[in-house]
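A quick write-up on the structure given underneath.
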There are 2 protein chains.
Amino acid sequence: MEINIDIIKNKLVESRLKVTPQRMAILEAIYSLDNHPIADDIIDYIKIKHPNIATGTVYKVLGVLIENKIINKVNTERGVSRYDGIMDSHHHLYCSKSDLIKDYFDEELDKILKNYFEKKKIPDFNIESIAIQLKGRFNE
Amino acid sequence: MEINIDIIKNKLVESRLKVTPQRMAILEAIYSLDNHPIADDIIDYIKIKHPNIATGTVYKVLGVLIENKIINKVNTERGVSRYDGIMDSHHHLYCSKSDLIKDYFDEELDKILKNYFEKKKIPDFNIESIAIQLKGRFNE
DNA sequence: ACTTAAATAAGAATTATTCTCTTTTAAGAG
DNA sequence: CTCTTAAAAGAGAATAATTCTTATTTAAGT
Ligand SMILES: [Mn+2]
Ligand SMILES: [Mn+2]
Ligand SMILES: [Zn+2]
Ligand SMILES: [Zn+2]
């Protein structure tokens, strides 16, 4: 994934957010870490370069990034939030045996769904987004 | 939804689980409460008839019911677990403004998806289940 | 360099959930 | 019906993730 420092900086500037070392580090962590990290993964990652970062700051920043649509939360069925730096429309493959979550891009599928729900309206409900969660086993 | 006491009892017996007042009450609560209740909703509901139920028991029972595939957890992006008594294949409509989650049944859609993924295999991944989360606004 | 609103640090507080240990009970056997 | 026992429940402490509060620091514009 893009770990270009200027691209990261731009995301903050575009949202009129102050560019702080903490925000930069947290965003860089999210883009570098795979498997949709939890807050603690991010804390561990940034501690190397930023040993004095406060836990509360990480949660605060994550909240700000979500509000500004720079990152997303990933839905899970357990009570630890996971974060996702990919904002392009995509879906997720959940391993039923581990906590692995892989990204799944499929424009054809998106088209089929868009088409389907344009025809078949759901009564009293206006769709804003569609997320598919595929649960299963990864080979190897 | 079915709030028949014998049907509830049967679900426990079929899974070779002891039939206890607590388990009966918790299952009855899940079937009676709408909107995919959290543990605390269930606790509030059953307190009327079972004022001395322990919080830990509720969590324990919910875990047992999930293990035995009598209920399910619902995926959300926040750290409070929600429970679902409907085990028939269905999807969920998430309100983007409130915590409302409605069930969505659509056999036609299920067929389309089943068909789609039978043709288009995902490399190194065996699908066990497909869950769609539609996020949007409810009218009224 | 100065100013100031915004961000961070530190640690306490809160909340959901789990764990440990003791007591109670469901359900099968006799 | 009683007896037995493994399983379940109760009580409350412990844990873990997240949020809140307040003082201090800092980014960025003037
Ligand atoms: Mn860690
Ligand atoms: Mn309550
Ligand atoms: Zn993703
Ligand atoms: Zn449901």
Side-chain angles (χ1 to χ4, degrees), chain A residues 5-6 8-29 36-47 49-68 70-71 73-83 99, chain B residues 5-6 8-29 36-47 49-68 70-71 73-83 99:
Chain A
I5 198 164
D6 289 315
I8 293 175
K9 192 168 181 173
N10 247 342
K11 299 208 187 236
L12 295 172
V13 173
E14 278 168 21
S15 294
R16 285 172 221 79
L17 295 172
K18 281 192 186 171
V19 177
T20 67
Q22 292 85 348
R23 284 173 175 172
M24 291 292 290
I26 290 164
L27 262 181
E28 201 231 295
H36 306 82
I38 66 176
D40 194 55
D41 297 328
I42 295 164
I43 291 167
D44 287 347
Y45 183 94
I46 63 182
K47 272 228 171 92
K49 289 187 186 170
H50 302 259
N52 298 326
I53 197 143
T55 303
T57 299
V58 174
Y59 282 101
K60 191 88 216 308
V61 167
L62 288 169
V64 169
L65 296 176
I66 289 167
E67 276 171 40
N68 286 276
I70 295 170
I71 65 169
K73 267 192 192 178
V74 176
N75 286 24
T76 62
E77 57 186 34
R78 259 260 17 222
V80 192
S81 293
R82 297 178 69 159
Y83 302 90
D99 65 357
Chain B
I5 198 165
D6 289 315
I8 293 175
K9 192 170 182 174
N10 249 340
K11 299 207 186 236
L12 295 172
V13 173
E14 278 168 21
S15 294
R16 285 171 222 79
L17 294 171
K18 280 192 187 175
V19 177
T20 67
Q22 292 85 348
R23 285 173 174 173
M24 292 292 288
I26 289 164
L27 261 180
E28 200 229 296
H36 305 83
I38 66 176
D40 194 56
D41 296 327
I42 295 164
I43 290 166
D44 287 348
Y45 183 93
I46 63 183
K47 272 233 170 87
K49 288 186 185 168
H50 301 260
N52 300 325
I53 198 144
T55 303
T57 298
V58 174
Y59 282 101
K60 190 88 216 308
V61 168
L62 288 169
V64 169
L65 295 176
I66 289 166
E67 275 170 42
N68 286 275
I70 296 170
I71 65 169
K73 267 192 192 176
V74 177
N75 285 25
T76 62
E77 58 187 34
R78 258 256 20 218
V80 192
S81 294
R82 296 177 70 158
Y83 302 90
D99 65 357

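Lettering of chains follows the sequences in order, A, B, ..., and the numbering in each one begins at 1. As the structure is a computational prediction, the values presented were derived from the model and not from experiment.
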Next item on the list: List the atom of B/Ile42, the atom of B/Ile26, and the distance in Å for their closest heavy-atom pair.
Entry: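 For B/Ile42 and B/Ile26, the tightest heavy-atom pair comes out as CG2-CG2, 4.1 Å.
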For [X] and [N], what is the distance between atoms [atom1] and [atom2] respectively, to the nearest whole Å?
X: B/His50; N: C/dT25; atom1: NE2; atom2: P; value: 14 Å
X: B/Leu27; N: D/dA8; atom1: CG; atom2: C1'; value: 15 Å
X: A/Arg16; N: C/dA5; atom1: CZ; atom2: C1'; value: 16 Å
X: B/Glu67; N: C/dT18; atom1: CD; atom2: P; value: 11 Å
X: A/Lys18; N: D/dA27; atom1: NZ; atom2: C1'; value: 5 Å
X: A/Asn52; N: C/dG11; atom1: CG; atom2: C1'; value: 15 Å
X: B/Ile53; N: C/dT24; atom1: CD1; atom2: P; value: 17 Å
X: B/Lys60; N: C/dT24; atom1: NZ; atom2: P; value: 19 Å

Check: Around atom NZ of B/Lys60, are there more than 12 heavy atoms of other residues, nucleotides or ligands at under 6.0 Å?
Finding: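 No, not enclosed.
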Item checked: From A/Leu27 atom CG to A/Lys11 atom NZ, the distance as rounded to the nearest 0.5 Å ->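 Spacing of CG (A/Leu27) from NZ (A/Lys11) equals 8.0 Å.
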Checklist line | Rounded distance [0.5 Å steps], CD in A/Glu28 versus NE2 in A/His50 | finding: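 Taking CD in A/Glu28 and NE2 in A/His50, the distance rounds to 8.0 Å.
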Check: With sugar-phosphate meaning primed atoms plus P, OP1 and OP2, does A/Val19 contact a base, only sugar-phosphate, or nothing at under 4.0 Å between heavy atoms?
Finding: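 Sugar-phosphate contact only.
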Checklist line | Sugar-phosphate, base or nothing in reach of B/Val61, heavy atoms under 4.0 Å | finding: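 Sugar-phosphate, backbone atoms only, no base.
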Next item on the list: From the options B/Val74, B/Val80, B/Asp99, B/Asp44, select the one residue that forms a side chain to side chain contact (heavy atoms under 4.5 Å, CB included) with B/Ile38.
Entry: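 Passing option: B/Val80.
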Check: Can you tell which of B/Leu65, B/Thr20, B/Asn68 makes a side chain to side chain contact (heavy atoms under 4.5 Å, CB included) with B/Leu12?
Finding: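 Single pass found, and it is B/Leu65.
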Margin query: Which is more 5' along DNA chain C, the nucleotide nearest A/Leu17 or the one nearest B/Pro21? Just name the residue.
Written below: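 The residue whose closest nucleotide sits nearer the 5' end is A/Leu17.
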Next item on the list: Starting at the 5' end of nucleotides 13-23 of chain D, put B wherever the base has a protein heavy atom under 4.0 Å, S where only the sugar-phosphate does, and a dash everywhere else.
Entry: ----SBB----
Check: For C/dT8, does OP1 or OP2 lie under 4.0 Å from any side-chain N or O of A/Thr20?
Finding: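 Yes, such a contact exists.
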Notebook entry, point to check: For A/Gln22 and C/dA9, is the shortest distance between a side-chain N/O and OP1 or OP2 below 4.0 Å?
Noted result: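 Indeed, a polar side-chain atom of A/Gln22 lies that close.
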Next item on the list: Would you check if the side chain of B/Arg82 reaches a backbone N or O of B/Lys73 as a donor-acceptor pair within less than 3.5 Å?
Entry: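 Answer holds: no.
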